[in-house]
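In this chain, residues are counted from 1 in sequence order.
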Amino acid sequence: MKKCILTWCLLLCAMLAGGTEQHIDSTRLMIDSLMRELQEMKLKEMVMQEALAKNGETLRQDSIRKAEQKRYIDSLRNETPGIPLVVNHDTLFYVYASLGGEDPAHRVENVQKKILQIGKSLTLTTDSMHIFESEYTADIMNGELVIMSISDLDGLWHGMSRIDLAKNNMKIISEEIDKLHAEYGLKAKLQGLGWAVFLVVVQIVFFVLTARFIRHLRSKIAHGFNGKIHPLAIKGYELLNVRQSKRILLLLTRVLQGILVIVQLIISLPLLFSIFPETEKFTWNMVNYVWTPLRDIALSVVFYFPNMVKIIVIIYVVHWLLKAIRHIADEIEAGNLKIEGFYQDWAEPTYHIIRIFVVAFTVVVIWPWLPGSESGIFKGVSIFVAALFSLGSTTTIGNLISGIIITYMRPFVVGDYVRIDHREGVVIEKNAFITRLQDIKGNIVTVPNNSILSQHTVNYTAALRHGEGSIVHSDFTFTYVVEREIIEKYLLEAAGRCTMLLKEPAPFVLITALEDFYTRYEINAYTRETERLYAVYSELHHHIVDVFREHKLNPTSSHFVSVKENKDY
């Protein structure tokens with residue numbers, strides 16, 4: 001309607017103006033242009049109204065969404081503790097929400113690293129701390145470094161806007177950075193360096209004083225404290241003379257010096273490391289290295305005391321029991337106590353056998369009360385030692401058992417002259433594992449007990465105890481041409497000249513073999529010089545050679561000589 005009225009008004013004006021048809025056309029074109037502009041304005045008005053309607057709906061929806069988020073966060077705040085930001089043992093604030101793909105734990109870790117990095121720098125200007133607000137976050141910055149970004153969700157968790165929360169957190173972070181800088185800054189480092197130099201100098205002075213004190217003490221000991229060091233004697237027996245006492249005291253001064261140095265280091269090193277915050281943790285480690293073992297040992301001793309008393313009582317009783325057994329063994333060995341069928345030389349080995357069993361039984365009894373006996377390591381070591389002993393001591397155990405058997409079989413005693421296999425000598429020692437002989441040349445021969453049982457043994461001394469003595473013998477061969485009576489006569493004559501052979505029982509000759517070309521004779525004679533058999537044989541052979549040569553016979557190869565002398569053969 002308005003369009004038509006406006007059009008007619010324009011046409012009327014044109015007619016009144018008396019314009020031509022050309023003017024009317026131009027007027028119509030102008031009217032069409034104005035109409036198009038009017039339509040565009042109406043379209044823009046409609047678009048703006050629609051946009052305003054949409055923005056109002058969006059704002060309404062945002063406010064509803066934020067209210068819902070606030071109610072949800074209020075319900076979660078009682079259940080979700082949040083991740084604390086802890087710097088230098090101080091809890092600054094808590095972080096609840098994730099940001100940019102980082103969970104609260106990683107956000108806290110990154111912020112902590114940046115605060116420590118800035119606070120521990122040698123130089124610091126806290127004036128460079130500021131907040132940069134972007135479209136979605138408020139960033140707490142130190143110069144160009146972003147320390148922490150705070151979102152709207154962070155603000156909702158704390159019940160404030162993100163910019164207010166950023167200001168609050170920036171204040172807390174600035175104060176913590178100032179504390180760190182006061183502790184780690186250049187001024188603190190210079191002060192710590194000064195204290196460190198002072199402690200080192202003091203420790204060097206103490207080292208020098210300790211060394212001088214030890215030198216002075218050693219000098220006093222070397223001079224005998226002006227004659228105050230005396231020999232250490234108990235009931236007239238001198239355990240230590242003056243020289244030995246001085247050596248022991250000098251050794252103790254070295255131990256004392258080491259202890260003093262260690263004590264000084266235990267005190268000074270923790271103080272030195274505690275000066276700088278970076279090394280302070282080493283102080284507690286060093287203290288724990290010393291204190292923890294001492295504390296554990298003290299507690300172990302306190303808790304172990306009842307078992308220790310039991311072990312001491314058992315060991316005390318066993319000690320006196322063994323002393324009583326030792327006394328009985330000494331009485332039997334001395335002949336003061338006689339037991340039928342029990343020889344005196346059995347007393348010592350029997351005591352040792354009983355002592356082994358008593359000690360083994362005692363160890364079995366006190367084993368459960370030993371510290372650490374229930375631990376796996378203790379059991380493993382015990383099994384290892386037992387296996388090592390059983391696998392590596394087969395020969396030793398065999399010798400021990402053989403020694404016990406030899407002791408109670410009594411094939412010989414100390415002082416007997418014996419032959420074991422091809423070894424001859426006087427028994428000078430016999431124990432559980434070996435037997436020692438001294439041969440005719442004075443050499444000491446050690447024979448394992450295990451080999452004695454597997455070889456034949458001849459006891460020459462035992463023959464003296466049970467008869468007229470031992471028989472010595474020697475073989476000689478002569479051809480059948482030489483008459484038997486002549487050979488026997490010469491052999492008996494040679495035996496009669498020997499001073500170490502007995503005249504009663506009288507020597508005798510045996511024919512031990514009839515060979516193809518000669519006869520084998522054996523001269524036998526008794527002797528009591530069993531410990532000098534080599535000398536006895538030497539004397540016998542000496543006289544046999546002399547007698548045969550006196551009668552023109554060669555005993556070395558008598559059958560050959562005899563054949564030569566009788567050429568008919």
Side-chain angles (χ1 to χ4, degrees), residues 329-330 332-335 338-339 341-353 394-475 495 498-508 510 512 522-544:
D330 291 341
I332 294 174
E333 189 174 15
K338 297 184 181 296
I339 300 175
F342 193 90
Y343 298 95
Q344 290 179 233
D345 57 312
W346 286 359
E348 185 70 17
T350 303
Y351 164 73
H352 289 296
I353 293 172
T394 305
T395 304
T396 304
I397 297 300
N399 286 326
L400 176 62
I401 296 174
S402 299
I404 295 173
I405 295 173
I406 291 171
T407 298
Y408 292 98
M409 285 177 59
R410 302 184 79 243
F412 49 79
V413 295
V414 175
D416 287 355
Y417 189 87
V418 299
R419 183 174 76 240
I420 301 173
D421 194 19
H422 61 281
R423 296 176 290 266
E424 290 186 6
V426 180
V427 179
I428 60 174
E429 182 184 353
K430 183 181 67 173
N431 57 39
F433 299 99
I434 55 97
T435 298
R436 285 193 173 92
L437 307 177
Q438 185 175 16
D439 62 16
I440 195 67
K441 296 181 179 180
N443 300 319
I444 305 300
V445 181
T446 300
V447 184
N449 288 337
N450 196 20
S451 64
I452 295 176
L453 289 182
S454 61
Q455 298 171 356
H456 65 276
T457 302
V458 178
N459 190 335
Y460 296 104
T461 307
L464 297 178
R465 290 195 294 264
H466 301 290
E468 294 83 0
S470 297
I471 294 179
V472 295
H473 61 88
S474 186
D475 294 337
C498 296
T499 59
M500 289 186 288
L501 295 180
L502 298 176
K503 302 301 185 285
E504 292 292 336
F508 57 92
L510 298 177
T512 58
E522 182 183 84
I523 178 65
N524 294 270
Y526 290 90
T527 182
R528 302 188 68 86
E529 302 291 337
T530 55
E531 296 184 7
R532 302 173 59 195
L533 287 180
Y534 282 100
V536 172
Y537 275 105
S538 178
E539 184 186 23
L540 175 61
H541 294 157
H542 173 78
H543 289 296
I544 290 174

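- Here the CD1 atom belonging to Ile428 is positioned 10.5 Å from the OG1 atom belonging to Thr435, to the nearest 0.5 angstrom.
- Applying the salt bridge (charged side-chain N to carboxylate O under 4.0 Å, His left out) test to Glu539 and every residue at least two apart in sequence or in another chain returns nothing.
- From Arg436, atom CZ reaches atom CD1 of Ile444 across 8.5 Å, with rounding to the nearest 0.5 Å.
- Separating the NE2 atom in His541 from the CD1 atom in Ile523 is a distance of 10.5 Å, to the nearest 0.5 Å.
- Taking the side chain as every heavy atom from C-beta outward, Leu437 and Val427 approach each other to under 4.5 Å.
- Applying the side-chain contact (heavy atoms from CB on, under 4.5 Å) rule to Glu522 yields the partners His473, Asp475, Leu510, Thr512, Asn524; only residues at least two apart in sequence or on another chain are considered.
- Among all heavy-atom pairs drawn from Ala495 and Leu540, the shortest one is CA-CD1, 4.0 Å.
- Between Ala329 and Ala347 the shortest heavy-atom distance is O-CB, 3.4 Å.
- Atom OG1 of Thr457 and atom CD1 of Ile420 lie 5.0 Å apart (nearest 0.5 Å).
- The NZ atom of Lys503 sits 7.5 Å away from atom SG of Cys498, with the distance rounded to the nearest 0.5 Å.
- How far CZ of Phe508 is from CD1 of Ile471: 4.5 Å, rounded to the nearest 0.5 Å.
- A pairwise comparison of heavy atoms in Thr446 and Pro448 identifies O-CD, 4.0 Å as the closest pair.
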